[in-house]
There are 2 protein chains.
Amino acid sequence: LITAKALCKYYQMGDITVKALQNVDFSIYSGELIVILGPSGSGKSTLLNLVGGMDQATRGELYYKNTPLHNASPKQLTFFRRNNVGFVFQFYNLIPNLTAYENVCLSAEIAQNPLSPGEMLEKVGLAERTSHFPAQLSGGEQQRVALARAIVKNPEILLCDEPTGALDYQTSIQVLQLLKHFCEEYHKTVILITHNTPIAQIANRIFYIKDGQLSRITANEQP
Amino acid sequence: LITAKALCKYYQMGDITVKALQNVDFSIYSGELIVILGPSGSGKSTLLNLVGGMDQATRGELYYKNTPLHNASPKQLTFFRRNNVGFVFQFYNLIPNLTAYENVCLSAEIAQNPLSPGEMLEKVGLAERTSHFPAQLSGGEQQRVALARAIVKNPEILLCDEPTGALDYQTSIQVLQLLKHFCEEYHKTVILITHNTPIAQIANRIFYIKDGQLSRITANEQP
Ligand SMILES: Nc1ncnc2c1ncn2[C@@H]1O[C@H](COP(=O)(O)OP(=O)(O)OP(=O)(O)O)[C@@H](O)[C@H]1O
Ligand SMILES: Nc1ncnc2c1ncn2[C@@H]1O[C@H](COP(=O)(O)OP(=O)(O)OP(=O)(O)O)[C@@H](O)[C@H]1O
Ligand SMILES: [Mg+2]
Ligand SMILES: [Mg+2]
């Protein structure tokens, strides 16, 4: 479904070139749950942003179903993101002047085959917080609305950047089970960033990132 | 140093009253490292915001060195926050159009007895990112600048809301050791929110919060 060849992302900071990603090669297959694991600053968010068409590579190739993303126009990338990708960012997910329910509904409206907003909010345990605004929700509650908003679009690819970082163990398990269920039941591809190693157990394969490079890929026998 | 009696925070949402905190009683002593532990939505950030003078209680009493905070004027609260409290929020800590170094310097400028900005950035492992803007830093790097910015003020009380939520194990340990060192060496009071139980090991005492109430307090023999 997704192929990367010699993918690079460099930032020029005065005299210094920051190599956020260097020569990354991989393939991701439809229906897989991939975890990207690595330390702070290693390049995980940079990689996710490239795969999701949120950002473009400095060098190298990136394909979605054989369509090149690395040299796509901004218009083509916007089309790709809207129709094929659901995103849970590390921060800043929600529209501040819409309620939780309205945030999820807005996302459903721009989708081709959306799921039910009320049902998604119930699945993340927030049935009683639907009329709250983001500022009236706890950090973890905001992140759960963000997940409901991404999933309701029913996208082919779900990209999640540290979705459970601000959530306690119990809520994390609930959210991860929802992701796994979404991946298996609807045959979606889920790519999940975490620095929390036990979480990686739910993956089909784990991509280890260190200093901007893909150091190894391991497969989980029984995720 | 800090005393709370029957502290309550309620939010009116139409017909429903959300009891974010209910009848919380505790004392915190100078030089203690307190961890507030509890599930998502249990009231941890609400409690921290009250203690830090960022918010005011609906009912009950809150004292800092016998000075009441619960009925202080906005002006008095601003004075209290500026001179006595260093804060690391769960999100939105940094000024986006200042570099990491400038963010920490600004904080040092408004303080009475600041520490060295360059030194604090080095202590959080970001000596090579000082000229980066927040948008050019990873999630974990931003949080580390936020910590440097809070500590450089040399405040009596340091309040940290999930400071290591977005950080990997190694960086978390580095940051927590810095907090513990700051607490012991300068005899400061540190209050730290986490949902991550192993982190609570560094505390002198742990405040367990559940459904807006302080369910119990335990002491660590050997933190
Ligand atoms: N816009 C930018 N300009 C310059 N450097 C950047 C920019 N964005 C990221 N970087 C650098 O690239 C590196 C990788 O960043 P990235 O955000 O991908 O890390 P990460 O693995 O997601 O980290 P974290 O776990 O802390 O979120 C970091 O060291 C960061 O400083
Ligand atoms: N401004 C507000 N208006 C209405 N309800 C609020 C407001 N702020 C917080 N709440 C509610 O109060 C409860 C406690 O919120 P709080 O942010 O203190 O939780 P928390 O323990 O910090 O959670 P997390 O670990 O998810 O950050 C939550 O259920 C939240 O929905
Ligand atoms: Mg990141
Ligand atoms: Mg919170």
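Letters A, B, ... mirror the listed sequences (proteins, then strands); counts begin at 1.
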* Structure fact -> Rounded to the nearest 0.5 Å, the OH atom of Tyr169(A) sits from the CG atom of Asn196(B) at a distance of 12.0 Å

* If you round to the nearest 0.5 Å, how far is CZ of Phe133(A) from CE of Met13(B)? -> 8.0 Å

Is chain B contacted by the side chain of [X], its backbone, both, or neither, given a heavy-atom distance below 4.5 Å?
X: Gln136(A); result: side chain
X: Gln143(A); result: neither
X: Glu162(A); result: side chain
X: Ser45(A); result: neither

* Most chain B-contacting option - heavy-atom pairs closer than 4.5 Å, from Glu141(A), Gln170(A), Gln90(A), Gln142(A) -> Gln90(A)

* To do: Please look at Glu128(B) and chain A and tell me whether the side chain, the backbone, both or neither of the residue comes under 4.5 angstrom of a heavy atom of that chain.
  =>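 Contact with chain A involves no heavy atom of Glu128(B) at all.
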
* Any side-chain heavy atom of Ser40(B) within less than 4.5 Å of one from Arg144(A)? -> yes

* **Arg129(B) to Val18(A) - nearest heavy-atom pair and separation** =>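 Looking at all heavy atoms of both residues, the shortest contact is NH2-CG1, 4.1 Å.
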
